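Notes to accompany the following structure.
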4 protein chains.
Amino acid sequence: MPEQDSILEGLFQEEERLTEKQKKIIMAAIESFSEKGYAATSTSEIAKKAGVAEGTIFRHYKTKKDLLMGIVSPMMAKLIAPFVIKDLYKVINHKYEHFEDFLRAMMENRIAFLKNNMPLIRILIQEIPFHPELKEQFKEHIAIKVFERFVNLAEYYQKKGQIIDIPAYSVVRMTFTSIFGFLIARYLILPEADWDDEKEIELTIQFIMHGLSAKD
Amino acid sequence: MPEQDSILEGLFQEEERLTEKQKKIIMAAIESFSEKGYAATSTSEIAKKAGVAEGTIFRHYKTKKDLLMGIVSPMMAKLIAPFVIKDLYKVINHKYEHFEDFLRAMMENRIAFLKNNMPLIRILIQEIPFHPELKEQFKEHIAIKVFERFVNLAEYYQKKGQIIDIPAYSVVRMTFTSIFGFLIARYLILPEADWDDEKEIELTIQFIMHGLSAKD
Amino acid sequence: MPEQDSILEGLFQEEERLTEKQKKIIMAAIESFSEKGYAATSTSEIAKKAGVAEGTIFRHYKTKKDLLMGIVSPMMAKLIAPFVIKDLYKVINHKYEHFEDFLRAMMENRIAFLKNNMPLIRILIQEIPFHPELKEQFKEHIAIKVFERFVNLAEYYQKKGQIIDIPAYSVVRMTFTSIFGFLIARYLILPEADWDDEKEIELTIQFIMHGLSAKD
Amino acid sequence: MPEQDSILEGLFQEEERLTEKQKKIIMAAIESFSEKGYAATSTSEIAKKAGVAEGTIFRHYKTKKDLLMGIVSPMMAKLIAPFVIKDLYKVINHKYEHFEDFLRAMMENRIAFLKNNMPLIRILIQEIPFHPELKEQFKEHIAIKVFERFVNLAEYYQKKGQIIDIPAYSVVRMTFTSIFGFLIARYLILPEADWDDEKEIELTIQFIMHGLSAKD
DNA sequence: TATGAATGAGATTTCATTCAT
DNA sequence: AATGAATGAAATCTCATTCAT
């Protein structure tokens, strides 16, 4: 499924006008921002890593912050939302009759997404607290659009009698929480531990299913 | 319950040798680090906010990084672990016969803790990714000591037949995830939304209880 | 004789990539280091004297110490040794049949060298005691290479029966001592006294010749 | 012979009002100044080494420079001159009939002096170029008083026909040069090499004697 | 488009000195 | 006399940004 492609490659394909050097700059910036954080990364460091003169960075991005935004914004704007929407259509088109199937599909999809875009996601997570614009964008794209659609989805499965009858946004919160809790523990906090992914995913799904099951 | 006291006050009481100025420096640093992040906060800014000469900071902390560690280390070393241990003793002393009661007590306790120490916790969460020493300390104090004790606890309730029979560390992970997922959504991501705390807590507890319940 | 050229000019010619500003920085640094010593010279002072922004210094030299080394190292590495070697070849090619002629030539040569490079030599003499790396370099370049060659030379004149038969390194030590003793007194300790250079040089040569003469 | 006692001990005995702490400060300062130079030594470093509070240094010495002078001045003023004068009287009282005996006695005396006061002498040599006041004191005490007396002495041995008839100050310069050249090579430049002191001293004396001998 | 030298504002750090206790 | 916290000026160094080539 090409939809799990890396954001970066997608970005490079879409924007064909990008120079070789520009791509290198972006890749170097992602690497450094991800490892040390935006504020602790110097442009000279990025230039060195990209094999480019310092001035070259500023040909393409007026400021260092521009560079950050140039990396993070398209990610949120063009790439996260569409992904989710595609998934949603599948569900809405009755591809996933049961909430459990949807859960399983979503977890697989998100894990693939995470694996292919770890550095970018790190940056997003790490920098959001410090940049109000990012927080704003995040709220707009994720919290509103994505969350809203998932709430609809939850209501859909509630109506089908598969999920307990509590406020739909609480359903979404607890589902998200369990899935991302696993992903964060798995890929960010303890990536070096040896995980039995299959089993943990299954346990997590069962946990959510039991937690939200209507038959009680 | 004095055990929910703020870390900061605890720190100031324990270390009696702290000057008035030193306390001001710490408070100013916490405020700024929390808001803008360590790397984006200048020592001159901290000095100004603390009403102190810049040199004074460096009398007490050899480097800026020392200041960060001076704030974060005692938090992890002296204050998180003990808190948890106290709770554990209560449980072990049969104060909480049912897992559900323990969950409820722990959530209340952690919420109080979070409320009293938000800026400090923000710093911890935000800076851990960028400082290997912090990551190390975190793993040592939290991941090892705390996690281990909770695993024992999970096994205790499993033996009593209150929790489903899956690996105990998965139980702990999913419980943590659900609780901290709520806390993070509530206090870090959407603190300005209006939450019905009582209800959300109850929902979360029910979610976990159903998710892990043995009677199935 | 172009071999008595100034070290500085040699440096500037060899390293063609040096910017105009870089040269000014070097010149300013030499002047200040020579007058007040490395430790007592501030980089802002050097920048001002060089008509350059302070940051410019650190573009070219990572640290202040680097600047010192950038000035002193090439002096020892590239310029002292060659000088001496040239002189030695002359002697070995029988240009100087008599030790006395060699002495006279060497004193003239060294005096010219000193006159053209006083500030640099001051720096070298003044800073060596405080910088182990410099001491090491000095030993390597001067004490080993140069001294060794002079010992050979002494043995050469001893075999010709012109010099008394004592350990060759003692011959070299006493010769050096007498020559540099004069140079130091003349140019460093009492440069403002009025010296009859011709006469003093002649007296010094006679002193050495008598002191080391084999005919006794 | 108690006259070769260490300057430091002499200083501590003479000035009885010196506190224990003061002595420690002086000793610490001498050690640091000698190793790293005055400008590169911080007062806090001295305080730490002396086991004293920073403020204590400034109780006794108004400024850091005062401390340097407090160490170096008495050395020149009270201790070098007297030494020399005593020696001179001995000579004038016909204790040393021959220049050679005088030379030998002087070298022994100076070697003992050097050994007992190395750090102090290092400071003197290293700091003189950077402090005009020191240079002035040095000229006054050494160059004028001492040098002058030695010139008289040289003339004395010239009249006795033991020394060649050249300007007396040249005699003194060359003698000094040869002796201090040895001492500097021996104790400052290559202290770790293994020297046959007896032999080198004898060679040096012979060198000077031949170099200045009147019988030619 | 790309370079990289240069900048200057500002960040971190040092340090001699003062002063209340 | 002694302390050591506090200072603030200055030192070293960093870094985003500009600009001539």
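A quick note: this is a predicted structure, and the numbers were derived from the prediction, not measured. Throughout, a chain's letter reflects where its sequence line sits, starting with A, and its residues are numbered from 1.
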Check [X] against [Y] and note the closest heavy-atom contact, atom names and distance.
X      : Y      : value
A/S34  : A/Q126 : O-OE1, 3.3 Å
D/K64  : D/A39  : NZ-O, 3.8 Å
C/I46  : C/L67  : CD1-CD2, 3.9 Å
C/Y38  : C/E127 : N-OE2, 2.8 Å
B/P119 : B/I30  : CB-CG2, 3.6 Å

| Pairing of D/E35 and D/R122 as salt bridge, 4.0 angstrom limit |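 Judged by the 4.0 Å cut-off on N to carboxylate O distance, D/E35 and D/R122 do not form a salt bridge.
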| message | If we count only N and O atoms by modelled type, under 3.5 Å, do the side chains of C/T43 and C/E54 hold a donor and an acceptor together? | response |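 C/T43 vs C/E54: donor-acceptor pair found between side chains.
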| query | Are side-chain N/O atoms of A/K21 and A/H60 paired as donor and acceptor at under 3.5 Å? | reply |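 There is no such pair (donor and acceptor under 3.5 Å, judged by atom type) between the side chains of A/K21 and A/H60.
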| query | Would you find more than 12 non-hydrogen atoms of other residues, nucleotides or ligands less than 6.0 Å from C/K24 atom NZ? | reply |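 Not buried by this count: 12 neighbours or fewer within 6.0 Å.
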Can you check nucleotides 9-12 of chain F for protein contacts, nitrogen or oxygen pairs under 3.5 Å, and list what you find?
residue	atom	partner	partner atom	Å
F/dT12	OP1	C/K64	NZ	2.8
F/dT12	OP2	C/T43	N	2.7
F/dT12	OP2	C/T43	OG1	2.9

| When you look for runs of 3 or more Watson-Crick or G-U pairs in a row, both distances below 3.5 Å, which of them include DNA chain E? |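 Stems for DNA chain E, defined as runs of 3 or more consecutive pairs: E:2-21 with F:2-21.
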| Contact boundaries on DNA chain E for chain D, cut-off under 4.0 Å to non-hydrogen atoms |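 The footprint of chain D covers E/dC15 to E/dT18.
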| Which residue lies more 5' along DNA chain F, comparing C/K62 with B/Q22 via nearest heavy atoms |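 Nearest-nucleotide comparison on DNA chain F picks B/Q22.
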| task | Assign each of D/K65 and A/I57 to its nearest nucleotide of DNA chain E by heavy atoms, then name whichever residue's nucleotide is nearer the 5' end. | result |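 Nearest-nucleotide comparison on DNA chain E picks A/I57.
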